[in-house]
Amino acid sequence: MSDTQNESSKYDCLLLKNQLCFPLYAASREILRKYTPVLKELDLTYTQYIVMMVLWEEKELKVTELGSRLFLDTGTLSPLLKSMEKKNLLCRTRSKNDERIVMVAITPEGAALKDKALAVPQKMASCVKLSKEETDFLYKILYKIIG
């Protein structure tokens, strides 16, 4: 092997095509791009939508628990919750037991949005051309990556 070939193969690990992170990043951006017009009908961003999904399930929880569930830090979550509170989708209150703890709860308006959101998964399934088996496999692999 020549020095040029050694030099070239030495840097193969830095080629974009050899990076796992890049197709994950690009796929994530593509999925979010496809969600945007669907969620616009609900007046939600993708991040607001995932907050609502947790609140439709839990009704009320600590902001720190919400952040853990969504893999979001408080710096991202606080302004997001503030804007959603202005839309009257949720309310934030201090815990009666410990004022350091901020609770977030769904409002009746936020709960009513759940029925309108029923169409979102169906619309998104038609945008992502994967079989049920591929979807299930990808789901398992992605959750393995995020732990």
Side-chain angles (χ1 to χ4, degrees), residues 8-147:
S8 175
S9 62
K10 174 182 173 182
Y11 293 107
D12 281 355
C13 66
L14 296 178
L15 295 175
L16 186 61
K17 69 179 184 177
N18 293 334
Q19 306 304 308
L20 175 62
C21 60
F22 181 70
L24 287 170
Y25 165 77
S28 175
R29 288 182 46 93
E30 182 62 17
I31 293 292
L32 292 176
R33 188 184 68 73
K34 290 179 179 188
Y35 263 103
T36 299
V38 175
L39 295 177
K40 189 173 184 150
E41 297 170 21
L42 303 176
D43 191 29
L44 294 175
T45 65
Y46 179 76
T47 315
Q48 291 172 341
Y49 175 63
I50 62 176
V51 166
M52 291 308 301
M53 284 193 285
V54 173
L55 289 176
W56 290 326
E57 182 181 346
E58 300 293 336
K59 309 298 182 239
E60 181 179 44
L61 70 166
K62 296 175 188 172
V63 169
T64 53
E65 291 170 343
L66 181 63
S68 293
R69 294 263 310 259
L70 300 176
F71 298 92
L72 295 174
D73 60 45
T74 54
T76 301
L77 205 48
S78 293
L80 176 68
L81 296 176
K82 185 176 181 180
S83 72
M84 293 176 76
E85 194 169 32
K86 285 181 184 174
K87 292 181 179 185
N88 204 28
L89 298 174
L90 56 85
C91 63
R92 294 176 295 162
T93 56
R94 297 266 172 205
S95 169
K96 291 172 180 65
N97 300 332
D98 185 343
E99 288 201 8
R100 296 171 295 176
I101 297 172
V102 177
M103 302 298 294
V104 61
I106 195 165
T107 62
E109 290 85 348
L113 196 57
K114 187 176 184 178
D115 283 332
K116 292 179 183 176
L118 278 173
V120 174
Q122 290 174 325
K123 288 179 181 179
M124 290 309 300
S126 69
C127 292
V128 180
K129 305 293 187 218
L130 295 175
S131 69
K132 172 85 168 99
E133 294 78 22
E134 290 170 323
T135 301
D136 292 346
F137 180 72
L138 181 58
Y139 181 89
K140 288 176 187 171
I141 294 298
L142 291 173
Y143 268 94
K144 189 173 185 177
I145 290 171
I146 63 174

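Computed over heavy atoms, backbone and side chain alike; hydrogens, waters and symmetry mates excluded. From a predicted model like this one, the values you see are computed outputs, not experimental measurements.
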A.B. asks: Hey, are the side chains of Asp43 and Lys87 touching, using non-hydrogen atoms and a 4.5 Å cut-off?
C.D. replies: yes
A.B. asks: Taking the side chain as every heavy atom from C-beta outward, state whether Ile106 and Leu90 have any pair of such atoms under 4.5 Å apart.
C.D. replies: no
A.B. asks: Could you pull out all residues at least two apart from Asp98 that satisfy side-chain hydrogen bond (donor to acceptor under 3.5 Å, both in side chains)?
C.D. replies: Arg100
A.B. asks: Show every salt bridge (Lys or Arg N to Asp or Glu O under 4.0 Å) that has at least one partner inside residues 136-147, sequence neighbours left out.
C.D. replies: Lys132-Asp136
A.B. asks: Whether the side chain of Trp56 engages the backbone of Gly110 through a donor-acceptor N/O pair (distance < 3.5 Å, no angle test) should be reported.
C.D. replies: yes
A.B. asks: Between atom CD1 of Ile146 and atom CD1 of Ile141, what is the distance when rounded to the nearest 0.5 Å?
C.D. replies: 12.0 Å
A.B. asks: According to ring-ring contact (aromatic ring centres under 6.0 Å, His included), who are the partners of Tyr139, at least two apart in sequence or on a separate chain?
C.D. replies: Tyr143
A.B. asks: Lys62 versus Met103: any side-chain heavy-atom pair under 4.5 Å?
C.D. replies: yes
A.B. asks: Taking the side chain as everything from C-beta on, heavy atoms only, tell me whether Leu44 gets closer than 4.5 Å to Met52.
C.D. replies: yes
A.B. asks: According to side-chain contact (heavy atoms from CB on, under 4.5 Å), who are the partners of Tyr46, at least two apart in sequence or on a separate chain?
C.D. replies: Leu32, Tyr35, Leu39, Tyr49, Ile50
A.B. asks: Rounded to the nearest 0.5 Å, what separation is found between the CG atom of Leu42 and the CG atom of Leu113?
C.D. replies: 5.0 Å
A.B. asks: Judged by atom type as modelled, is there a donor-acceptor pair below 3.5 Å linking the side chain of Ser28 to the main-chain atoms of Leu24?
C.D. replies: no
A.B. asks: In the structure I gave you, are the side-chain heavy atoms of Thr47 and Leu70 within less than 4.5 Å of one another anywhere?
C.D. replies: no
A.B. asks: Could you check if a side-chain atom of Met124 sits within less than 4.5 angstrom of a side-chain atom of Lys34, using non-hydrogen atoms only?
C.D. replies: yes
A.B. asks: Is there side-chain contact between Leu66 and Leu81, with heavy atoms separated by less than 4.5 Å?
C.D. replies: yes
A.B. asks: Just grab all the salt bridge (Lys or Arg N to Asp or Glu O under 4.0 Å) pairs involving residues 103-131, residues at least two apart or on different chains.
C.D. replies: Glu41-Lys123
A.B. asks: Show, in sequence, the C-alpha distance, side-chain angles and deciding distance for Leu80 and Gln48, and conclude whether the side-chain contact (heavy atoms from CB on, under 4.5 Å) test is met.
C.D. replies: CA-CA 7 Å; Leu80 176 68; Gln48 291 172 341; 3.4 Å; yes
A.B. asks: Please examine the side chains of Val51 and Met84, heavy atoms only from C-beta on, and report whether any two atoms are closer than 4.5 Å.
C.D. replies: yes
A.B. asks: Rounded to the nearest 0.5 Å, what separates atom OG1 in Thr107 from atom CG in Asn88?
C.D. replies: 4.5 Å
A.B. asks: Using a strict cut-off of less than 4.0 Å between a Lys/Arg side-chain nitrogen and an Asp/Glu carboxylate oxygen, indicate whether Lys82 and Glu85 qualify as a salt bridge.
C.D. replies: no
A.B. asks: Determine whether a donor-acceptor pair (N or O, by modelled atom type, separation under 3.5 Å) exists between the side chain of Glu30 and the backbone of Ala27.
C.D. replies: no
A.B. asks: Is a side-chain N or O of Asn18 found less than 3.5 angstrom from the main chain of Asp12, in a donor-acceptor match?
C.D. replies: yes
A.B. asks: Give a yes or no answer on whether the side chain of Ser95 reaches the backbone of Val102 with a donor-acceptor pair at less than 3.5 Å.
C.D. replies: no
A.B. asks: Could you state the interatomic distance from CD (Glu134) to OG (Ser131), rounded to the nearest 0.5 Å?
C.D. replies: 3.5 Å
A.B. asks: To the nearest 0.5 Å, tell me how far Leu142 CG sits from Phe137 CZ.
C.D. replies: 10.0 Å
A.B. asks: Applying side-chain hydrogen bond (donor to acceptor under 3.5 Å, both in side chains), which residue pairs with at least one partner in residues 64-78 are found, sequence neighbours left out?
C.D. replies: Glu57-Arg69, Glu58-Arg69, Asp73-Thr76
